[in-house]
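To start, the structure under review is shown below, and the notes come after it.
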Amino acid sequence: MFREIRMVPERIYFSFILCLWMAFASAMSKDTLKFQHFFNFEARAKHNIYGNQKETINSLIGKYTTDNPFTHMGIYSSLNYQAKYNAYHFDIRLLSEERSQSGGNNFIGNLRVFPKITFSFLDSFQLFNDYIEVTGMAGDFWDEDIGDNLRFYNIDYNALNVKFKRKNYYLGYFRVGDLSNNIGLYLEEADKIFIGWHKKHYNVEAAFESNYLLGLNSRDHNLSSSLTVKDDLPGELRMQISYRLNQQLAGKYPVSIFLGYKYKGQLANYRINLRYYSAGFNRGYFEKSRVNYRGNNASPYVGNQIYPLKNYFRPLNQWAFFTENQNSNILNLEFTFSNKFKIYKSVYFVTDLDANINLRNKNLFVYPIYDIGISIMPIKNIEFRLSGTNKIMNLDNEYQTFYITKNPCLSFEIHKSI
């Protein structure tokens with residue numbers, strides 16, 4: 001997710017200057033500085049035909065879907081530049097969006113450009129005849145995997161993550177920026193200190209988390225631990241538990257638990273996750289008024305925050321999906337499945353499924369999402385897809401989520417990557 005729109009030009013200017021500096025340093029340095037440069041490109045267009053005013057099963061504001069970019073052929077492109085110098089790595093992306101074909105191709109209200117800027121490194125230093133490995137990343141985290149499957153997953157934010165490792169042990173620090181202005185969470189910022197042990201297929205970690213909630217004069221704290229088991233196969237098993245240290249706000253035993261398995265193959269991948277949140281764990285974290293993604297006639301699809309078109313292609317499940325149900329004990333089963341089955345030469349039958357089943361205060365709620373159709377790949381890295389889907393972009397909620405329609409709409413999509 002991104003800062004307010006008024007800050008975008010400064011970030012674009014910084015990205016441009018940084019790219020020029022790297023190119024100049026590489027050209028002038030000869031053998032003293034050896035930069036490696038990588039470029040890649042992605043473009044995607046999608047049109048959900050007659051995706052407006054369809055009856056939904058999960059709307060909180062009305063019975064039908066509302067207007068959104070993908071009912072007017074939303075298009076985005078991403079120009080990615082990476083520079084590596086020894087252990088140091090810069091990643092700069094410039095995303096351009098035409099959020100609707102309606103209004104003409106030069107209607108400024110539908111045009112958006114914004115950057116992603118990250119700096120990461122992997123280095124080491126000697127201390128008392130031992131080598132300490134240091135890794136870190138700072139900047140724009142776009143759905144980064146930081147080993148948290150209960151709170152900070154499937155979202156974008158600004159953050160810093162640093163880890164010091166000696167042999168099989170490591171110590172680290174993580175900080176996430178203002179989420180109360182990013183998405184509908186009452187969490188302004190959070191800090192985490194973690195310690196762990198890693199060997200071959202196993203990783204064990206314990207963490208102390210400090211949270212600053214809007215409206216509280218003092219910080220709120222969590223204790224958490226996790227286990228990851230990953231063998232030589234593509235599968236991975238994860239477990240995590242977190243306990244909230246705030247009996248005044250959260251009551252007794254405010255706990256959350258995660259158990260999940262994921263598999264990623266060449267043409268098919270899937271995930272099965274089980275999450276439990278006690279009512280007290282999420283109490284006080286939902287905010288309704290600070291964030292909106294819908295603007296006005298001058299800017300129809302961007303409010304004080306932008307819901308990037310790229311984030312439509314993510315799963316439904318995220319922490320805010322649970323925090324909006326305050327004072328509820330929630331048991332959630334998440335299942336995602338993606339598969340391409342070859343029919344003939346470059347023609348594939350494609351299936352994308354995303355299902356969530358919530359047992360909420362003894363009431364059952366089902367959220368089934370699908371995109372099923374035919375994919376044609378006439379040349380490498382370009383795909384045309386014709387499908388039926390019930391997944392519609394939702395600009396009316398306080399976090400980046402989807403309407404789920406009772407009946408599918410026809411969808412046409414073009415995807416190009418280099």
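Numbers for residues simply follow the sequence, beginning at 1. Everything quoted here is computed from the prediction, not taken from an experiment.
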Once you round to the nearest 0.5 Å, how far does [atom1] of [X] lie from [atom2] of [Y]?
| X | Y | atom1 | atom2 | value |
| --- | --- | --- | --- | --- |
| Leu227 | Gln240 | CG | CD | 11.0 Å |
| Asp67 | Ile392 | CG | CD1 | 11.0 Å |
| Ile241 | Leu259 | CD1 | CG | 11.5 Å |
| Tyr293 | Asp396 | OH | CG | 11.5 Å |
| Leu386 | Ser411 | CG | OG | 8.0 Å |
| Asn358 | Ile330 | CG | CD1 | 6.0 Å |

Taking the six-membered ring for Trp, are [X] and [Y] parallel (under 30°), tilted (30 to 60°) or perpendicular (over 60°)?
| X | Y | result |
| --- | --- | --- |
| Phe337 | Phe335 | parallel |
| Tyr170 | Phe194 | perpendicular |
| Phe39 | Tyr81 | tilted |
| Phe164 | Phe125 | perpendicular |
| Phe174 | Tyr157 | perpendicular |

(request) Keeping to residues at least two apart or across chains, list the side chain to side chain donor-acceptor pair (under 3.5 Å) pairs with something in residues 372-382. (result) Ser375-Glu383
Scan side-chain atoms only and decide if [X] and [Y] contain a donor-acceptor pair under the 3.5 Å cut-off.
| X | Y | value |
| --- | --- | --- |
| Trp142 | Asn311 | no |
| Ser242 | Arg151 | no |
| Asn149 | Asn273 | no |

Once side chain to side chain contact (heavy atoms under 4.5 Å, CB included) is applied, do any residues pair with [X], and if so which ones, sequence neighbours excluded?
| X | result |
| --- | --- |
| Asp143 | Asn154, Asp156, Arg314 |
| Thr401 | Leu316, Asn394, Asn397, Tyr399 |
| Phe128 | none |

With sequence neighbours excluded, tell me which residues meet salt bridge (Lys or Arg N to Asp or Glu O under 4.0 Å) with [X].
| X | result |
| --- | --- |
| Asp352 | Arg385 |
| Arg175 | Glu189, Asp191 |
| Glu188 | none |
| Lys46 | Asp371, Glu413 |

(message) Please enumerate all residues that pass side-chain hydrogen bond (donor to acceptor under 3.5 Å, both in side chains) together with Asn80, with sequence neighbours excluded.
(response)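 Residues passing side-chain hydrogen bond (donor to acceptor under 3.5 Å, both in side chains) with Asn80: Asn40, Ser78.
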(message) Has Asn168 got a side-chain atom pairing as donor or acceptor with His198's backbone, closer than 3.5 angstrom?
(response) yes
(message) Strictly distance-based, threshold 3.5 Å: is any side-chain N or O of Asn304 a donor or acceptor partner for the main-chain N or O of Asn292?
(response)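 Yes; judged by distance alone, with no hydrogens or angles, the pair exists.
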(message) So for atom CZ, which belongs to Phe38, do other residues, nucleotides or ligands contribute more than 12 heavy atoms lying within a distance under 6.0 Å?
(response) yes
(request) Inspect the surroundings of CZ in Phe208 and state if more than 12 heavy atoms from other residues, nucleotides or ligands are less than 6.0 Å away. (result)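 It does: Phe208 CZ has more than 12 such atoms within range.
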(message) Please give me the minimum heavy-atom distance between Leu160 and Ala138, naming the atom from each residue.
(response) CD1-CB, 3.8 Å
(request) Taking all heavy atoms of Val366 and all of Pro368, pick out the closest pair and write down the distance. (result) O-CD, 3.5 Å
(message) For Phe402, give me all partners under ring-ring contact (aromatic ring centres under 6.0 Å, His included), at least two apart in sequence or on another chain.
(response) Tyr312
(message) Applying salt bridge (charged side-chain N to carboxylate O under 4.0 Å, His left out) as the test, list every pair that has at least one member in residues 263-286; sequence neighbours left out.
(response)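 The answer is Arg271-Glu334, Arg275-Glu334.
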(message) Distance to the ring centre below 6.0 angstrom and angle to the axis at most 45 degrees; does that hold for Arg99 and Tyr301?
(response)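 Not flagged: Arg99 not positioned over aromatic ring of Tyr301.
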(request) Write out all pairs satisfying ring-ring contact (aromatic ring centres under 6.0 Å, His included) with one or both partners inside residues 245-274, taking only residues at least two apart or from two chains. (result) Tyr263-Tyr270
(message) With a 6.0 Å cut-off on the ring centroids, do Tyr285 and Tyr186 count as close?
(response) no
(message) With side chain to side chain contact (heavy atoms under 4.5 Å, CB included) as the test, pick out the partner of Trp319 among Asp148, Ile183, Leu187, Ile155.
(response) Leu187
(request) Begin from the C-alpha positions of Phe321 and Tyr367 and carry the test ring-ring contact (aromatic ring centres under 6.0 Å, His included) through to its verdict. (result) CA-CA 11 Å; Phe321 175 56; Tyr367 304 89; 5.2 Å; yes
